[in-house]
Number of protein chains: 2
Amino acid sequence: MAITAATELDRTSGSAEHAHTAVWIATVLRGRIAAGELTPGSKLSEQSLSMALGVSRNTLREAFSVLAGESVVTKIPNRGVFVASPGIEEVREIYRVRRMIEPAAALWGEVTPEVLENMEAVVERAQTARDAGSVADMADANQALHSAVVGLAGSESLRTLMDRVLAEMRLVFHAMASAPDFHSHYVDRNVQLVERLRAGQREDAAAGLRAYLDSAEAELVGHLARDATAEQPRTS
Amino acid sequence: MAITAATELDRTSGSAEHAHTAVWIATVLRGRIAAGELTPGSKLSEQSLSMALGVSRNTLREAFSVLAGESVVTKIPNRGVFVASPGIEEVREIYRVRRMIEPAAALWGEVTPEVLENMEAVVERAQTARDAGSVADMADANQALHSAVVGLAGSESLRTLMDRVLAEMRLVFHAMASAPDFHSHYVDRNVQLVERLRAGQREDAAAGLRAYLDSAEAELVGHLARDATAEQPRTS
DNA sequence: TGGAGCAAAATTGTTGAACAATCTGCCAAA
DNA sequence: TTTGGCAGATTGTTCAACAATTTTGCTCCA
């Protein structure tokens, strides 16, 4: 799995410009991690990566700094940096955050007709994905919906926080041994959520969201706990 | 104002250890900015600062990366990094965030007796500070209270976000021409907030918080707008 | 066989110097 | 007054080196 000693990057032909190497490299790595090419827990060696990406060790280090700031990557002093590999505690934290900001946005955000239409398009996308059995599309649509919910708050910072949280969620899914159709149960809930928002039933929407998040967390944590115990037995 | 060409830092005698120079330097700079030694908008020259702090330019650069990630500092490509200097739009964003996460924490957080007692101690501190006319202590207590409110959510990430936001608020105050006793009006509101939390009136607490944040934002924005127009008149 | 201890090798942390790219300020020319 | 352009300064990035720390591999001993 290690470091996919990649074909040297072409920094001129890419769609985005050279864009100040360090942040560019951070973007590349973020992308590879999100795409699952770099799996959670794997080590990012400075030497190998700087070679593979064709940048100096110093520049790569700067990129690591920004990724560590986003907690996409974990830095252990004198040991190196590793792709973040969120466990049960991290999942709990994720849901602590979501359980605050999503219902808050639903309750107090500004619900405009355009946003509502976008949301309806997204849930529809989720429904057709479910019918087609496409787990990936379903997950995407699900995340898009909840991102849009937070968007109701109109706050750039909260959006950023939510995006980070959702990125961490994707890592959780990547790290999970078996990938159950985690999302299919929740499509209907999302439909209901959007309906409530359209009807102006803010408090119901918020309460429903909290219930949804509670059960999603429980399911995920349960699954992870099972995975953990299944993986544990080694030397002893 | 510029860069306070400091007496070379002693990295061994400090309370915190050497702690991997880059983050150590970030800590030092963060502290100096918070203390107002480095004023908003002032430029942080790589050469001067690396000299003054006794670290290499590369290491300083890494420190800049982490501070930029916290938006304590603003990085302009090929121009340099500057101490963040939040304006009206940033203040609006700050309050967008606070108006979501503070009432959410008040509504749905876990209110324990210990936290309540802490809060009561803090509001008392604010009251005595007001009576003593100590603006700084009042501001501290005020921020401590609202930090504690977000703490009700039990989420590390939200706490971090709130701390960043409050740090930005301090920058706003630093940058303000005249410092009105902004906080004194709000001490009583805070008392009421804690009373409501103790009484279990969550919704009232949340509603009161939102109202409080609305008027605080209005006052701040008004003040900043006046400052801006007062400073504007230049060439045209 | 199975460690315990220890030296060698590899990796990270940090530095200093160098050079390209970009910006700033200044001075001359139109 | 405006435009053009030329130094000089500053940032962006690389390279090579060395100290500090971790990891690896090996020998030796019970």
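The basis for the numbers below is simple: all heavy atoms, side chains too, and nothing from hydrogens, waters or symmetry mates. Keep in mind it's a predicted model, so treat the numbers as computed, not measured. To find a chain, count down the sequence lines: A is the first, B the second, and so on, and within it residues start at 1.
B:T160 is linked by a side chain to side chain donor-acceptor pair (under 3.5 Å) to nothing, counting only residues two or more places apart in sequence or in another chain. A search for side chain to side chain donor-acceptor pair (under 3.5 Å) contacts involving B:S56 returns B:T59, not counting sequence neighbours. Residues satisfying the side chain to side chain donor-acceptor pair (under 3.5 Å) test with A:T74, not counting sequence neighbours, are none.
The NE2-P distance, from B:H20 to D:dT21, rounds to 8 Å in whole Å. Following rounding to the nearest Å, A:L60 (CG) and C:dG13 (C1') show an atom-to-atom distance of 14 Å. Taking atom CD of residue B:E62 and atom P of nucleotide D:dT13, one finds them 14 Å apart after rounding to whole Å. Summarising the geometry, the separation between CZ on A:F64 and C1' on C:dT14 is reported as 16 Å, rounded to the nearest angstrom. Between the CD1 atom of A:I25 and the P atom of D:dT13 there is a distance of 10 Å, given to the nearest Å. Remark: P of C:dG16 and CZ of B:R61 are 17 Å apart, rounded to the nearest angstrom. To the nearest angstrom, C1' of D:dC15 lies 9 Å from CG of A:N58.
Residues from residues 76-84 of chain B lying near DNA chain C, meaning a heavy-atom separation below 4.0 Å, are B:N78, B:R79 in numerical order.
A donor and an acceptor atom never sit less than 3.5 Å apart when one is taken from the side chain of A:R57 and the other from the base of D:dT13.
Closest approach to the A:S56 side chain among D:dT10, C:dT14, D:dT14 is made by D:dT14 (side chain taken as heavy atoms from C-beta onward). Nearest to the side chain of A:Q47, among C:dT11, D:dT13, C:dT14, sits C:dT11.
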Table please: side-chain donor-acceptor pairs of residues 161-174 of chain B below 3.5 Å, with sequence neighbours left out.
from   : atom 1 : to     : atom 2 : distance (Å)
B:R164 : NE     : B:E70  : O      : 3.4
B:R164 : NH2    : B:S71  : OG     : 3.3
B:R170 : NH1    : B:Q143 : OE1    : 2.5

Listed pairs under 3.5 Å, donor-acceptor, residues 94-102 of chain A side chains, sequence neighbours left out:
from   : atom 1 : to     : atom 2 : distance (Å)
A:R96  : NE     : A:E93  : OE1    : 2.9
A:R96  : NE     : B:G154 : O      : 3.1
A:R96  : NH2    : A:E89  : OE2    : 2.8
A:R96  : NH2    : A:E93  : OE1    : 3.0
A:R98  : NE     : A:E102 : OE2    : 2.6
A:R98  : NH2    : A:E102 : OE2    : 3.0
A:R98  : NH2    : A:H146 : ND1    : 3.4
A:R99  : NH1    : A:D214 : OD1    : 2.9
A:R99  : NH1    : A:E217 : OE1    : 2.6
A:R99  : NH2    : A:E217 : OE1    : 3.4
A:E102 : OE1    : A:H146 : ND1    : 2.5

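Contact between the side-chain N/O atoms of B:K43 and the OP1/OP2 oxygens of D:dA9 is not found at any separation under 4.0 Å.
Each of B:E46 and A:T59 has a nearest nucleotide on DNA chain D; the 5'-most of these lies closest to B:E46.
Looking only at distances, no side-chain donor or acceptor of A:E117 sits under 3.5 Å from a matching main-chain atom of A:E114.
Each of B:V28, B:L49, B:I25 was compared with B:V55 under the side-chain contact (heavy atoms from CB on, under 4.5 Å) criterion, and only B:I25 meets it.
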